[in-house]
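Naming convention: chains lettered A, B, ... in sequence-line order (proteins, then strands); numbering from 1 in each chain.
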Protein chains: 2
Amino acid sequence: MIKHDIKSILTSHGVRPTQQRAEVYHYLLTHPVHPSADTIYKALSAKYPVFSRTTIYNSLNVLVEAGLVRIVNIRAGEQHFDANTENHGHFLCLKCDEIYDFDIMEDILSGLCPAGYQPKKCDIYFTGTCENCSEN
Amino acid sequence: MIKHDIKSILTSHGVRPTQQRAEVYHYLLTHPVHPSADTIYKALSAKYPVFSRTTIYNSLNVLVEAGLVRIVNIRAGEQHFDANTENHGHFLCLKCDEIYDFDIMEDILSGLCPAGYQPKKCDIYFTGTCENCSEN
DNA sequence: ATATGTGCAAACTGTTTGCAGCCGC
DNA sequence: GCGGCTGCAAACAGTTTGCACATAT
């Protein structure tokens, strides 16, 4: 995934492909661990000395509105971001503090939402102990 | 549900039944609309002139730890509270801003969590348009 | 040329914490 | 009397906003 590709993805989603937005999106694509805004800020500001928090938030909001990024609200008081917009669930391990993806069968998902309600998005969050941590 | 019952519920869950904790729990039981801490604060401080935010938060945290109340994180940056601790999902309507409960079949729920992972809690959040709002 | 994006600082919101006073066993 | 609870104020974290400057078409 090279820079040029990313910029054309942004463009095709109606997002002006600025350097900063491309960097934020590139970071999310190459670090699919659901980072927080602060994590992205620290990583990018280390790489590019001038990269403000404001711009991170601005870029993330633009990417979310464009449908390229989804917000993961599995931890209260701190948003995490995910460039994988396919249907999937999230599992937060309380021991290792990682957020894991897991698949959700499409037909199960559609059966969950109550009749008459029109969902725009669905978030499925589990919290507990992950596979690795429960072995120890 | 009278006060005496509530205090005995608190006691049986290892929570010292102070007046304030009972009021908070009573409010949640009688207002099953998933209020925020601020909503509870405004309601109770109107009824009882001295009722600090600190105490609301303290009481809520104690109730959550005791397993009597669950946190609903469907709206970023603001926790909502629910005295219904049975398994159920939440639907946030973007038009009327209400949070609705809906049932989840037990077997569907157990099929969602990936093998090897030990869930402690599960939150299923839908966001969209509710039954009433989509009719208009 | 003009609209849009960036970045600093400051504001804001929801929540937590420190600490003094109070209450109930 | 003592441990725990309350409540004020202040701190705190994450996020948003106001505004001046920079940038790109």
Side-chain angles (χ1 to χ4, degrees), chain A residues 3-4 6-8 10-11 13-27 34-66 68-81 97 99, chain B residues 3-4 6-8 10-11 13-25 27 34-66 69-81 97 99:
Chain A
K3 296 279 168 66
H4 173 263
I6 289 184
K7 292 206 170 181
S8 53
L10 296 185
T11 303
H13 282 74
V15 175
R16 269 173 76 158
T18 68
Q19 187 65 37
Q20 288 89 334
R21 290 171 179 175
E23 289 292 344
V24 170
Y25 190 46
H26 177 259
Y27 184 86
H34 323 87
S36 66
D38 198 57
T39 301
I40 303 172
Y41 169 69
K42 289 201 174 98
L44 292 186
S45 66
K47 198 170 162 193
Y48 308 94
V50 177
F51 212 122
S52 77
R53 273 195 168 75
T54 309
T55 301
I56 302 283
Y57 281 107
N58 169 51
S59 301
L60 287 170
N61 289 338
V62 167
L63 292 170
V64 168
E65 274 168 33
L68 287 168
V69 169
R70 74 185 300 182
I71 298 173
V72 177
N73 268 324
I74 200 169
R75 290 177 59 180
E78 193 181 54
Q79 300 185 319
H80 292 256
F81 298 89
D97 213 44
I99 298 173
Chain B
K3 297 277 167 65
H4 173 265
I6 289 183
K7 292 206 171 182
S8 51
L10 296 186
T11 304
H13 281 74
V15 175
R16 269 174 74 158
T18 67
Q19 188 65 36
Q20 288 90 335
R21 289 171 181 177
E23 289 293 343
V24 170
Y25 190 46
Y27 184 87
H34 322 87
S36 65
D38 198 58
T39 302
I40 304 171
Y41 168 70
K42 290 202 174 95
L44 293 185
S45 66
K47 199 172 164 192
Y48 309 92
V50 177
F51 212 122
S52 78
R53 273 194 168 76
T54 308
T55 301
I56 302 284
Y57 281 107
N58 170 52
S59 301
L60 287 171
N61 289 337
V62 168
L63 292 170
V64 168
E65 274 168 33
V69 169
R70 74 185 299 184
I71 298 174
V72 177
N73 267 324
I74 199 168
R75 289 176 59 180
E78 194 181 51
Q79 300 185 318
H80 293 257
F81 297 90
D97 214 44
I99 298 173

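Taken from CD1 in B:I40 to NE2 in B:H80, the straight-line distance is 10.0 Å, to the nearest 0.5 Å. In this structure, A:L60 CG and A:T55 OG1 are separated by 10.5 Å, a value rounded to the nearest 0.5 Å. Once rounded to the nearest 0.5 Å, the distance linking CD1 of B:I56 with NZ of B:K42 reads 11.5 Å.
Taking 4.0 angstrom as the limit, B:Q79 places a side-chain polar atom (N or O) nearer than this to OP1 or OP2 of C:dT15. Under 4.0 angstrom from either OP1 or OP2 of C:dT15 there lies at least one side-chain N or O belonging to B:Y57.
Rounded to an integer number of Å, the gap from OH of B:Y48 to C1' of D:dC5 is 17 Å. Spacing between atom CD of B:E65 and atom C1' of D:dC5 amounts to 15 Å, rounded to whole angstrom units. Atom CD1 of B:I56 and atom P of C:dT16 are 13 Å apart (whole Å). Here the C1' atom of nucleotide D:dT6 and the OH atom of B:Y41 are 13 Å apart, to the nearest Å. Protein atom CG of B:L60 is 9 Å distant from nucleotide atom P of C:dT15, rounded to whole Å. The nearest whole Å value for the distance from the CD atom in B:E23 to the P atom in D:dC5 is 17 Å. Remark: C1' of C:dT15 and CD1 of B:I40 are 14 Å apart, rounded to the nearest angstrom. Separating the CG atom of B:L10 from the P atom of D:dC5 is a distance of 12 Å, rounded to the nearest angstrom.
B:N61 comes within contact range of the sugar-phosphate backbone alone, with a heavy-atom separation under 4.0 Å but no base atom that close. Counting non-hydrogen atoms under 4.0 angstrom, B:A37 reaches the backbone sugars and phosphates but no base.
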What does the list of N/O pairs under 3.5 Å between the protein and nucleotides 5-8 of chain C look like, with a distance for each?
| unit_1 | atom_1 | unit_2 | atom_2 | d |
| --- | --- | --- | --- | --- |
| C:dG5 | OP1 | A:R21 | NH1 | 3.2 |
| C:dG5 | OP1 | A:R21 | NH2 | 2.8 |
| C:dT6 | OP1 | A:T18 | OG1 | 2.9 |
| C:dT6 | OP1 | A:Q20 | OE1 | 3.2 |
| C:dT6 | OP2 | A:N58 | ND2 | 2.8 |
| C:dT6 | O3' | A:Q20 | NE2 | 3.2 |
| C:dG7 | OP1 | A:V50 | O | 3.4 |
| C:dG7 | OP2 | A:T55 | OG1 | 2.7 |
| C:dC8 | N4 | A:T54 | OG1 | 3.0 |

Both atom distances under 3.5 Å, Watson-Crick or G-U wobble: I'd like the secondary structure of DNA chain C as a dot-bracket string, with | for pairs made across strands. |||||||||||||||||||||||||
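Counting only heavy atoms from C-beta outward, the side chains of A:V64 and A:R70 never approach each other to under 4.5 Å. Between B:V15 and B:E65 the shortest side-chain heavy-atom distance does not fall below 4.5 Å. Counting heavy atoms from C-beta on, the side chains of B:V24 and B:F51 come closer than 4.5 Å.
When atom types are taken as modelled, the side chain of A:R21 and the backbone of A:R16 share a donor-acceptor pair closer than 3.5 angstrom.
Of all heavy-atom pairs between A:L10 and A:P17, the closest is CD1-CA, 3.9 Å.
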Please evaluate residues B:S36 and B:T39 with respect to the criterion side chain to side chain donor-acceptor pair (under 3.5 Å), reporting the C-alpha separation (whole Å), side-chain torsions for both, the decisive distance (0.1 Å), and the verdict. CA-CA 5 Å; B:S36 65; B:T39 302; 2.9 Å; yes
